[in-house]
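The structure under discussion appears below in the form of structure tokens.
Order of the sequence lines sets the chain letters (A, B, ...), proteins ahead of strands, with each chain counted from 1.
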2 protein chains.
Amino acid sequence: MSKQPKYRQVADALRREIDNGTYPPGSRLPSESELSARFDASRNTVRSGLGLLVTQGLVTSSQGLGYEVAKHEVFELNASRFEDLSFPQIGDAYSTDVTNAGRRPHQTFRVEIRPAPEEVAARLKVEPGSRTVLRFCHRFVDDVPWSTQATYYPAWLADEAPRLAEPGDIEEGTTRYLAERGTEQVGYFDEISTRMPTPEEARALEVGAGVPVLLWMRTGYTVDRPIRCTITTFRGDLNRVNYEIGDQSGRENEPQ
Amino acid sequence: MSKQPKYRQVADALRREIDNGTYPPGSRLPSESELSARFDASRNTVRSGLGLLVTQGLVTSSQGLGYEVAKHEVFELNASRFEDLSFPQIGDAYSTDVTNAGRRPHQTFRVEIRPAPEEVAARLKVEPGSRTVLRFCHRFVDDVPWSTQATYYPAWLADEAPRLAEPGDIEEGTTRYLAERGTEQVGYFDEISTRMPTPEEARALEVGAGVPVLLWMRTGYTVDRPIRCTITTFRGDLNRVNYEIGDQSGRENEPQ
DNA sequence: TAGTGGTCTAGACCACCTC
DNA sequence: AGGTGGTCTAGACCACTAC
């Protein structure tokens, strides 16, 4: 066991105390100067240690207030059931899910005509930079920024289904609207990845350092071509994505 | 537009230069003292700025060498196809996938009898702390630590299928072995989340600060009960998890 | 040996919150 | 006003890498 630098000792000691309940979620840590005295270290060294905990997402800090132990309430998103048309629903799936969880949803919405970003163009099988309709959603739960969702539709589809490019919500859901016009999504391909937020994402989702984002990209297909690409960016500390695959009867049964 | 602190200006300037190709992936950044002169800032301030880029996973640093712009090669894991028995395969799915990608796989493996962690117990519908068989895998690609995978089996199943608790690989795959003994996995439930690594995970996966982990938890079921829970921890910068759901013919077609 | 990043200190001043 | 964290400096010494 080699000797750890002092700022790591500070971080490790505080992490232990957070884990064992000395500082429960939501509580305040001692101030920098108190910790400085306790660990016989300069304020800067203590700050380095606290900085580690912040970048690990364990605590948050705010000027004038102090350091607070982070709370973790995760919200589950069932991705495999999310847009199954055989589950009839009123309004969009997101509001339904959030309301069922006893939380208060809220979203802002806009529609733009935009050149296709490279990533999206490849998935929609169109030229990079070609015209797409972007329907963009910024979602909140109990007024906390939760996720952003950007769905791109290729120009040819927007011509066939003009309401896609009109501002304002599509009451029955876009998937259903498209299905009614003969463009039925029969399959999709999901890609899930994670990384630290860009400065823009950090602003949109109000995440501090130390909270990664969860990226969920869904490309939807008819029997012969892609019709949409949806990129959802979640706060990683508040969300989990689930898939149910195959027969689920063994999951719902009571333990014997 | 309010004035940014100097260390952010440093980070933003360097981030722009990384994005626009001035410092391509794999290249070295100027040294701290050079940057200190360029930005007319103290070395500590420059270090704060570089620290931001490190915690965002954009650059890595090493003592005596300097700062290097991170490379990103992501490896795709097809989760929906991963254990489908209708795709016959030799050896385990991981080695197959990695070899197909032209990379060199390598893994260490061990089996233990362990009390069920709370998370696992809930999913296996057994008492927390009750006996489980843990089959643990530490996986490398081209000698880079890639992921760890821990699969827990309940005690009752290990009694029925004794090879589960024996050390050493199961040649044909555990899923296939269990199916041959009459315990067929007919469905599974996947949960995907992300967070910053714990110190242990950081050590096992050799990730620096600024790289989140991607957690993939799969619970497998027979028609009437859970039979296993697999927790895979990936380096978030190197992996992506995919799902194919529904009819995929529209994905594989050529663009018209 | 020279140059790099890693750790640590002491002290200054500022911005924000609470009382 | 007094306490909190946020920014910044100047300088010291250590550890690692390259040559």
Side-chain angles (χ1 to χ4, degrees), chain A residues 1-14 18 23 26-70 199 202-203 206-211, chain B residues 1-14 18 23 26-70 199 202-203 206-211:
Chain A
M1 212 52 188
S2 66
K3 188 183 180 298
Q4 292 274 13
K6 203 183 273 188
Y7 76 95
R8 279 188 189 282
Q9 297 176 27
V10 171
D12 290 345
L14 292 173
I18 290 169
Y23 302 113
S27 66
R28 285 240 346 245
L29 254 41
S31 72
E32 292 179 349
S33 50
E34 287 177 278
L35 293 171
S36 174
R38 168 176 163 194
F39 290 104
D40 187 31
S42 76
R43 185 178 157 225
N44 282 337
T45 300
V46 167
R47 281 180 63 78
S48 298
L50 288 165
L52 271 189
L53 300 182
V54 170
T55 62
Q56 285 164 4
L58 267 171
V59 307
T60 60
S61 69
S62 33
Q63 211 169 30
L65 286 175
Y67 291 85
E68 182 170 319
V69 181
R203 204 172 333 109
E206 287 176 25
V207 287
V211 177
Chain B
M1 211 53 186
S2 65
K3 187 180 181 298
Q4 291 275 12
K6 203 183 272 190
Y7 77 95
R8 278 187 191 280
Q9 296 175 26
V10 171
D12 290 344
L14 292 172
I18 289 169
Y23 303 112
S27 66
R28 282 228 2 233
L29 254 41
S31 72
E32 293 180 349
S33 50
E34 287 176 277
L35 292 172
S36 175
R38 168 176 163 196
F39 290 104
D40 186 32
S42 77
R43 186 179 157 225
N44 282 337
T45 301
V46 167
R47 280 179 64 78
S48 298
L50 288 165
L52 270 189
L53 300 182
V54 169
T55 61
Q56 287 163 3
L58 266 172
V59 308
T60 60
S61 70
S62 36
Q63 212 169 31
L65 287 174
Y67 291 85
E68 182 170 321
V69 181
R203 203 173 332 110
E206 286 176 25
V207 287
V211 177

TODO: Provide, to the nearest angstrom, the distance between the CZ atom belonging to B:R28 and the P atom belonging to C:dG3.
DONE: 13 Å
Task: Separation of C:dC14 P from B:Y7 OH (nearest whole Å) - done: 18 Å
Task: Distance, rounded to the nearest Å, where B:Q63 contributes CD and C:dC8 contributes P - done: 12 Å
- [ ] Let me know the distance between CD of B:E34 and P of C:dG3, rounded to the nearest Å.
- [x] 11 Å
TODO: Ignoring hydrogens and angles, tell me if any N or O in the side chain of B:T55 forms a donor-acceptor pair with the backbone of B:G210 under 3.5 Å.
DONE: no
Open item on the list: Near DNA chain D, counting only heavy atoms under 4.0 Å, which residues of residues 43-60 of chain A show up?
Closed with: A:R43, A:N44, A:R47
TODO: Write down the distance between OH (A:Y67) and P (C:dC17), rounded to a whole number of angstrom.
DONE: 16 Å
Open item on the list: Between B:Q9 and B:D12, is there a side-chain heavy-atom distance shorter than 4.5 Å?
Closed with: no
- [ ] Nearest whole angstrom, please: distance from the P of C:dC16 to the CD of A:E32.
- [x] 16 Å
Side-chain polar contacts of residues 60-69 of chain B - donor-acceptor pairs under 3.5 angstrom, sequence neighbours left out - could you list them?
unit_1	atom_1	unit_2	atom_2	d
B:Y67	OH	B:E32	OE2	2.8

Open item on the list: Please tell me if B:S42 has a side-chain N or O lying less than 4.0 Å from either OP1 or OP2 of D:dA10.
Closed with: no
Open item on the list: Is the shortest side-chain heavy-atom distance between A:L14 and A:V59 below 4.5 Å?
Closed with: no
Task: Between C:dA15 (C1') and A:L65 (CG): distance, integer Å - done: 12 Å
Task: Below 4.0 Å: OP1/OP2 of D:dT4 and any side-chain N or O of A:S62 - done: no
Open item on the list: Just the rounded figure in Å: distance from C1' of D:dT4 to CD of A:E68.
Closed with: 14 Å
Open item on the list: With a 4.5 Å cut-off on side-chain heavy atoms, are A:N44 and B:N44 touching?
Closed with: no
Open item on the list: I'd like to know if the side chain of A:K6 reaches the main chain of A:F39, judged simply by a donor and an acceptor atom lying under 3.5 Å from each other, with no hydrogens or angles considered.
Closed with: no
Task: Spatial distance of atom CG (B:L35) from atom OG1 (B:T45) [nearest 0.5 Å] - done: 12.0 Å
TODO: Indicate whether OP1 or OP2 belonging to C:dG6 is found under 4.0 Å from a side-chain N or O atom of B:S61.
DONE: yes
